[in-house]
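Basis for what follows: all heavy atoms, side chains included, without hydrogens, waters or symmetry-related copies.
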Amino acid sequence: MMFWRSVVGKLWFTILLLVSVVLLVLTVLLLGFFEQFHTEQAEGELFNHANLLVSFLETETTDGAALDMSQIISESYASRAVLIGEDNYWYTANEDSDGIPISYFYEDPVLSEVIEADETIVTQGDYALANQENWGGEIMIVGMPVTFADGEEGSLFLYQSLAVVEEASAQTKQIIFLSAGFAIILTTVFAFFLSSRITAPLRQMRTASLEVAKGNFETKIPIQTKDEIGLLAMAFNRMGRALNTNLHALNQEKEQLSRILSSMADGVMTLNRQGHVMIMNPPASACMAAWRYEKQLSEDEEPLHLNRLFDKVVSEETEVVDEVTIQGRTWVILMTPLYDEENIRGAVAVLRDMTEERQHDKLRKDFIANVSHELRTPISMLQGYSEAIVDDIAETQEEKKEMASIIYDESLRIGRLVNELLDIARMEAGYLNLRKEEIDMKIFADKILRKFQVVAKEQQIELIGEFSPLTKTLSADVDRLEQVMTNLIDNAMRHTMEHGQVIFRISDAETGVRIEVEDTGAGIPEDDLPFVFERFYKADKARTRGRAGTGLGLAIVKNITEGHEGKVSVHSKINEGTTFSVFLPYDTSG
C-alpha cells in the first residue's frame, strides 16, 4: 500500500497505463490491418492462379494431360482445383481425402452462380471437407467460368485453406506482443529512473522538513539541478533561513517580554476565553496563591470575584477597575479585554499592591495621634501627682511616697517608649550593630522557655517547646535574637486566653533556621494584618489580657530580623490563633 501511495508508484502506474492504452489501441489496429492485408494478398494470389489455370485450360481439351497439368499447378501453390464440365467434373486431388463434395458447388448460392450465371466469384467460408485434419477451418474459393478448346463450357473452382493466413496473422501478433512487452519493460525502467530523479530530492526535502520541525533550522538541501525541483530546494533553504531569523527574533522578544514581566512590581495575568488563568508573573502568582488560600480553593480554581470581573469585561467589552483585600493586603485590579480580530479571546489583568500606599496614608494620619496617646497618659499622671505633692494634698509620708513611686513608674514608661523609638530610628537608619556569634539553638530555646514558664503558669497558659535538630550552626546576635523571641512570646501570651497554648517551635529550613511562635488566642483582624509590623500598632484592647504594650515590639522584631538578612511573616484567623514565623539564613560567607 505504501508503494501505491508514493510518487514512484503513482508515476509508474500512470506512465504504464498510458503506454498500455496506446499499445492496446495500436495492437488492435495493426492486427486488423495485417489480417486484412494477408487475406487480400491470399485472395489476389489465388485469383491469379485461377486465371493462370483458366488460360491454360482454354487452350486444352478436357483430357488427362490437361487435368494432370492443372493438378501440378494447383499443388505448387498449396491449393486444390475442381473442374466442372457440362456432363462431368474432375478433382485435382482425391475427392475422398481432401475434396469438397461436388454437391456444394451446385447447392451453395454463391458457388452456384459460377455454373449458372458464368460469373467470377471470390469467397471464403467454413466448408466441410472430406478430411478435416488437413483442411480444417475456413477455406478461400475462387470460381471462374471456363470454355475449353473443344468448345465445352464449364467452371473452375480453385480453393485453399486460410491456415496460411492465420499463421501469418499469428506471427504478426507474436511480434506485436513481444514489442509491447519490451515497450512495457522499457517504460517501467524509464518510469522508475524518472521518478527516482524526482523523488530523491523530495525525500531529502522530507528529511529536511522533519529536522526543521524539530527546530534545526540550519538544515539545508543540496541543489543539484536548476529545474523546478532545484527552485523548490532553493525556496526551502530560503524558508529555513527566514524561519530561523524570525524565530530568533521572536525568542528575543519573548525573552525580553518575560524579563519585563518578571521584573515588574505589579502582577500581570492573562485569562482565556473561558476565564481561566493562563499566564502569571511572580507577583500575580503570589497574589493568586494568597487569594486561593483565603478562599480555600484548589490550584485550578479561580476566585469567584475574579470570574465576576471577567464576565463584566466580556459583557460590557470595556476595562474594569476594582479593589479587593486579600489576607489584609489591598490589591487594585485593572482588567482589559483581549481581542482576536473582532471577537474577545480573553482578558489581561494588572494587579497592583496598594497596601503600602494605604499604610502610609494611615500612618501619616495615626502617627501623631499614637505618639500623643502614648505620651498623654503618663504626662497627665506625672502632672497630676506632682501637683498633688506641690499643693500638699498628700498629708502623710506614705501617700507622698506612693505618689512619687507612680511618678517614677510613669517616667520609666516614658523612657522605655523613647528608647524604643530611638532603637527603631537607629535600626531604620542603618545603625544596627550586630555582634554575631555561633548559637547553640537547643540551649537558646531552653533559656527562652525557662524565662516565660513562670508567667505562663500564672496566666494558666500551656507553653510548649518543639525543637528539631539543625544541619548547621546559626550565627546571630544572641541578645537581639532573645529580644525578638521575648517580644513575640510576650505578645502571644497577652493575646491568649486562659487554658490556651503557646508553641515555640525551631526547625531546619535547608538554607536557614525557621522559628515560629504559634498561639491559640483571639487572632488578628484581617484588616490589621498589613499593619502589625508598623510602629504604634496595637490590637484591640478588648482582645488582650489587660496589659497593652507600646505598639513598637513587632516593629523592632521586623528590623532586627531584616538586620540578620531574614524575613518575618504572620498568618492569623479570628478566634483560631496567630502564627509569627521568623526565617534566619545560615551564614554562607565562610
Side-chain angles (χ1 to χ4, degrees), residues 374 409 411-456 463-495 502-509 511-519 532-537 547 549-570 578-590:
E374 292 297 328
D409 290 338
S411 65
L412 291 178
R413 181 179 176 186
I414 295 175
R416 286 196 304 272
L417 176 62
V418 173
N419 289 332
E420 289 179 350
L421 283 173
L422 290 176
D423 283 343
I424 292 177
R426 284 196 299 269
M427 292 177 187
E428 292 181 349
Y431 296 111
L432 178 63
N433 294 322
L434 299 176
R435 296 186 297 273
K436 291 186 177 182
E437 58 181 300
E438 292 186 354
I439 303 175
D440 188 334
M441 294 302 295
K442 184 67 171 63
I443 297 176
F444 175 80
D446 293 339
K447 178 181 178 182
I448 297 298
L449 290 174
R450 287 195 303 271
K451 181 177 180 180
F452 285 95
Q453 282 295 348
V454 176
V455 179
L463 180 60
I464 303 172
E466 296 181 0
F467 178 77
S468 300
L470 306 180
T471 57
K472 294 183 179 179
T473 303
L474 180 67
S475 179
D477 189 325
V478 63
D479 294 332
R480 293 291 186 180
L481 189 57
E482 183 177 350
Q483 185 179 2
V484 169
M485 295 300 103
T486 299
N487 286 338
L488 293 179
I489 295 177
D490 182 66
N491 279 342
M493 297 182 69
R494 283 191 290 108
H495 290 82
V502 175
I503 302 174
F504 176 45
R505 186 182 297 113
I506 299 178
S507 60
D508 185 74
T511 59
V513 177
R514 186 174 301 280
I515 305 174
E516 295 180 346
V517 176
E518 180 182 351
D519 63 62
V532 295
F533 295 107
E534 300 298 331
R535 290 171 291 182
F536 298 111
Y537 166 80
R547 297 188 297 111
T550 60
L552 299 175
L554 292 179
I556 294 174
V557 168
K558 179 182 178 182
N559 282 277
I560 292 176
T561 303
E562 292 179 350
H564 285 82
E565 299 180 356
K567 294 181 181 179
V568 61
S569 60
V570 59
T578 305
T579 300
F580 282 90
S581 178
V582 176
F583 173 77
L584 299 175
Y586 290 123
D587 188 5
T588 58
S589 59

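- Here the closest non-hydrogen pair linking Pro469 and Asp508 is O-CB, 4.0 Å.
- The two atoms that bring Gly566 and Pro585 nearest to each other are CA-CD, 3.8 Å, heavy atoms only.
- Tyr586 approaches Thr473 most closely through the heavy-atom pair CD2-O, 3.9 Å.
- The CD1 atom of Ile506 sits 11.0 Å away from atom CD of Glu466, with the distance rounded to the nearest 0.5 Å.
- Contact annotation: the side chain of Ile489 never approaches that of Phe580 to less than 4.5 Å [non-hydrogen atoms, C-beta and beyond].
- Between Asp446 and Arg450, no side-chain nitrogen of the basic residue sits less than 4.0 Å from a carboxylate oxygen of the acidic one, so the salt-bridge criterion is not met.
- Here the side chains of Ile515 and Phe504 are in contact, with some heavy-atom distance below 4.5 Å.
- Annotation: salt bridge (Lys or Arg N to Asp or Glu O under 4.0 Å) contacts involving residues 555-568, sequence neighbours excluded, are absent.
- Residues Glu437 and Arg435 form no side-chain contact, since every pair of their non-hydrogen atoms from C-beta on lies 4.5 Å or further apart.
- In terms of heavy-atom proximity, Leu474 sits nearest to Leu481 at CD2-CD2, 4.5 Å.
- The OG1 atom of Thr486 sits 4.5 Å away from atom CZ of Phe452, with the distance rounded to the nearest 0.5 Å.
- One finds the CG atom of Asp477 at 10.5 Å from the CD atom of Glu482 (value rounded to the nearest 0.5 Å).
- The nearest pair of heavy atoms linking Leu488 to Val582 is CD1-CG2, 3.8 Å.
- Side-chain atoms of Asp519 do not come within 3.5 Å of backbone N or O of Val502 as any donor-acceptor pair.
- Taken to the nearest 0.5 Å, the CZ atom of Arg480 stands 11.5 Å off from the OG1 atom of Thr561.
- Rounded to the nearest 0.5 Å, atoms OG (Ser475) and CD1 (Ile439) are 7.0 Å apart.
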Side chain to side chain contact (heavy atoms under 4.5 Å, CB included) for His495 and Thr578? Distances and angles first, verdict last.
CA-CA 9 Å; His495 290 82; Thr578 305; over 6 Å; no

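- Taking CE of Met485 as the reference point, atom CG of Leu449 lies at 11.5 Å (rounded to 0.5 Å).
- The shortest non-hydrogen separation linking Ser468 to Ser507 is CB-CA, 4.1 Å.
- Side-chain contact check for Ile503 versus Glu516: every heavy-atom pair is 4.5 Å or farther apart.
- Other residues, nucleotides and ligands contribute over 12 non-hydrogen atoms within 6.0 Å of the NZ atom of Lys436.
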